[in-house]
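For the numbers below, each heavy atom of this structure counts, side chains included, while hydrogens, waters and symmetry mates do not.
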Amino acid sequence: MYRTAKIAAVTILIVTGLHATGARVYGQSADVVIQWNRLAQAQYGPGASAIQRTLAILHIAMFDAINSIERSYTPYRLDLQASAAASKEAAAAQAGHDVLSAIFPAQQATYDAAAILEWRKDDGWPATITPDPTYVLPPFPGLWQPTPPANSLATFTFYPRVVPFALVTSTQFLPAPPPTLISSQYATDFNETKRVGSVLSETNGDRTAEQTLKSQVFAGVNTAIGFQQVWNIVAATVAESQGLSLIDTARLFALLNASMHDGLQTSFTSKFTYGLWRPITAIRRAAEDLNADTEADPTWTPLLTTPPYPSYAGNASCIGAVSARALQLGFGRDDLPFSVTFPRTGGFADVTWTFNGFDDLAVQQARSRIYGGIHYQFDSNASRSACPKVAEWTFTHYMRPLE
């Protein structure tokens, strides 16, 4: 993965198909798409949600550029006209250069902004993501409140108003409301998170060391990659192992990243629609929830630091569910085992885990948030129900095969 690569220099290498060593990287292969994907990932650390917008723009632009020559599918956004004799690899690399140079102007000398960039210029994503002082809920039982240790105001409140990449509206697949505080489902999932998600749960024998490690690694704790990077790495790994063509690799990455963006928008919209309190607040204030099956613990602390926005539905669960469904649709199957290596930081050893298929990874990522103490199981269930529909919508409405 490129950690300090400069876009202008790497553009030359990718356009010519040469690695810095001089070795051939691709000929008529899909490597050009994967190279630009890796370069884009290298601009972000774990947990940087803005990566999703960048990757969606990048891969839609690359797909439309390649498809303008090959003409195998309906265009995602632009019906471009290009000579059939033109180089598909060069077209893809130029599109990748245009997108990343526009988003990261400090890392290039000149660029020609593409029409895809014009489309997304005023899409509602701010230049910087900051806490929103206007999102304040009354301190009633069940409603989100800032959480320790930072007690930050909510972030990402803009996301429901962003222009989707594929969906009609951000509420198109909005999950149903969460269970009420007095319900048995709420109590069951509350008590599970309280038991297995505490910072002390492993010591108490309620969470295994492996579950602790996966919660931390998936969350990017002392880890160099986050959820979005992981799914793009999986897509590249399986695409290479299956020998996907250039156009089908471009289509796969466009499907994955557009779906992931709109899936994450769906879960964020749910969060700010329902405003449910996080487990740390719920457990410390359980005496107020009128549920006889919950009990307060004023000092309870989760394993992971709670993100600064409401609980329902789960973002990580949504990213996993929508990504797994996108890759299932892209490859036409789920039973494709793969391994992912997670590079660790801070002196921790890298870890490699093998998964039986896309949904296996998605389920484990979703459960990791319960073991991390920052979600309830019903948060994850809601996302696993709603978010695959985003990928299905994108798959059936964009980049369709031509007869």
Side-chain angles (χ1 to χ4, degrees), residues 49 132 135-147 152-161 167 169-194 196-197 215 218-219 227 260 262-286 288-291 293-294 300 302-322 362-363 365-390:
S49 293
D132 183 358
Y135 186 80
V136 178
L137 302 181
F140 299 155
L143 294 185
W144 179 83
Q145 301 297 311
T147 55
S152 169
L153 295 171
T155 58
F156 289 94
T157 57
F158 66 87
Y159 211 155
R161 300 184 298 277
L167 298 186
T169 71
S170 63
T171 58
Q172 186 169 339
F173 297 114
L174 184 71
T180 63
L181 301 190
I182 59 173
S183 67
S184 60
Q185 183 66 62
Y186 176 82
T188 296
D189 293 355
F190 168 104
N191 285 319
E192 180 188 36
T193 298
K194 182 181 179 183
V196 305
S215 294
F218 285 150
F227 288 104
M260 208 186 309
D262 288 7
L264 192 57
Q265 183 177 32
T266 297
S267 57
F268 263 119
T269 299
S270 176
K271 289 177 183 297
F272 295 117
T273 297
Y274 300 119
L276 183 69
W277 61 7
R278 286 281 187 167
I280 187 172
T281 309
I283 292 169
R284 292 183 178 188
R285 293 176 52 189
E288 305 172 40
D289 65 17
L290 302 181
N291 192 317
D293 294 323
T294 66
W300 189 89
L303 172 67
L304 300 176
T305 300
T306 302
Y309 33 77
S311 193
Y312 181 89
N315 281 346
S317 178
C318 183
I319 290 172
V322 73
V363 169
Q365 286 182 331
R367 282 298 294 171
S368 75
R369 309 304 260 184
I370 314 304
Y371 294 124
I374 60 174
H375 274 295
Y376 318 92
Q377 183 60 45
F378 58 73
D379 291 342
S380 295
N381 292 346
S383 288
R384 285 187 54 76
S385 175
C387 295
K389 299 173 185 176
V390 177

For [X], check side chain to side chain donor-acceptor pair (under 3.5 Å) against everything at least two apart and list the hits.
X: Q265; answer: none
X: Y159; answer: none
X: S368; answer: none
X: D262; answer: none

Worksheet item: Which residues pass the side-chain contact (heavy atoms from CB on, under 4.5 Å) test with P139, sequence neighbours left out?
Response: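 P139 satisfies side-chain contact (heavy atoms from CB on, under 4.5 Å) with Q145 only.
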Sequence neighbours excluded, the answer for side-chain contact (heavy atoms from CB on, under 4.5 Å) partners of L153 is P131, P133
Do the side chain of N291 and the main chain of S183 share a donor and acceptor less than 3.5 angstrom apart?
yes
Would you compute the distance between atom [atom1] of [X] and atom [atom2] of [Y] and round it to the nearest 0.5 angstrom?
X: S385; Y: F378; atom1: OG; atom2: CZ; result: 15.0 Å
X: Q377; Y: N191; atom1: CD; atom2: CG; result: 14.0 Å
X: I280; Y: T193; atom1: CD1; atom2: OG1; result: 12.5 Å
X: R278; Y: I283; atom1: CZ; atom2: CD1; result: 12.5 Å
X: L304; Y: Y371; atom1: CG; atom2: OH; result: 13.5 Å
X: Y186; Y: T294; atom1: OH; atom2: OG1; result: 6.5 Å

The salt bridge (Lys or Arg N to Asp or Glu O under 4.0 Å) partners of R284 (sequence neighbours excluded) come to none
### Query
Excluding sequence neighbours, so at least two apart, what forms salt bridge (Lys or Arg N to Asp or Glu O under 4.0 Å) with R384?
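R384 satisfies salt bridge (Lys or Arg N to Asp or Glu O under 4.0 Å) with D359 only.
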Could you pull out the closest heavy-atom pair between [X] and [Y], with the gap in Å?
X: P308; Y: W144; value: C-CZ2, 3.9 Å
X: G373; Y: P279; value: O-CB, 3.7 Å
X: W300; Y: K194; value: NE1-O, 3.0 Å

Apply side chain to side chain contact (heavy atoms under 4.5 Å, CB included) to T147 and I374, showing your working. CA-CA 11 Å; T147 55; I374 60 174; over 6 Å; no
request  = Assess whether side chain to side chain contact (heavy atoms under 4.5 Å, CB included) is satisfied between L174 and Y274, documenting all intermediate values.
outcome  = CA-CA 11 Å; L174 184 71; Y274 300 119; 3.8 Å; yes
Name all pairs fulfilling the salt bridge (Lys or Arg N to Asp or Glu O under 4.0 Å) condition that reach into [range], sequence neighbours left out, sorted by first residue then second.
range: residues 265-277; answer: none
range: residues 304-319; answer: none
range: residues 181-193; answer: E192-R367

**Asked** Where do L181 and W277 land on the side chain to side chain contact (heavy atoms under 4.5 Å, CB included) test, with the steps shown first?
**Response** CA-CA 11 Å; L181 301 190; W277 61 7; 4.1 Å; yes
Any side-chain heavy atom of P310 within less than 4.5 Å of one from F272?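 Counting from C-beta outward, P310 and F272 do come under 4.5 Å.
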With a cut-off of 6.0 Å (strictly less than), are more than 12 heavy atoms of other residues, nucleotides or ligands near CD1 of I182?
no
Could you pull out all donor-acceptor pairs under 3.5 Å where a side-chain atom in residues 311-319 meets a protein atom, sequence neighbours excluded?
unit_1, atom_1, unit_2, atom_2, d
S311, OG, H375, ND1, 3.4
S311, OG, D379, OD2, 2.5
Y312, OH, A176, O, 2.6
N315, OD1, S267, OG, 2.6
S317, OG, S380, O, 3.0

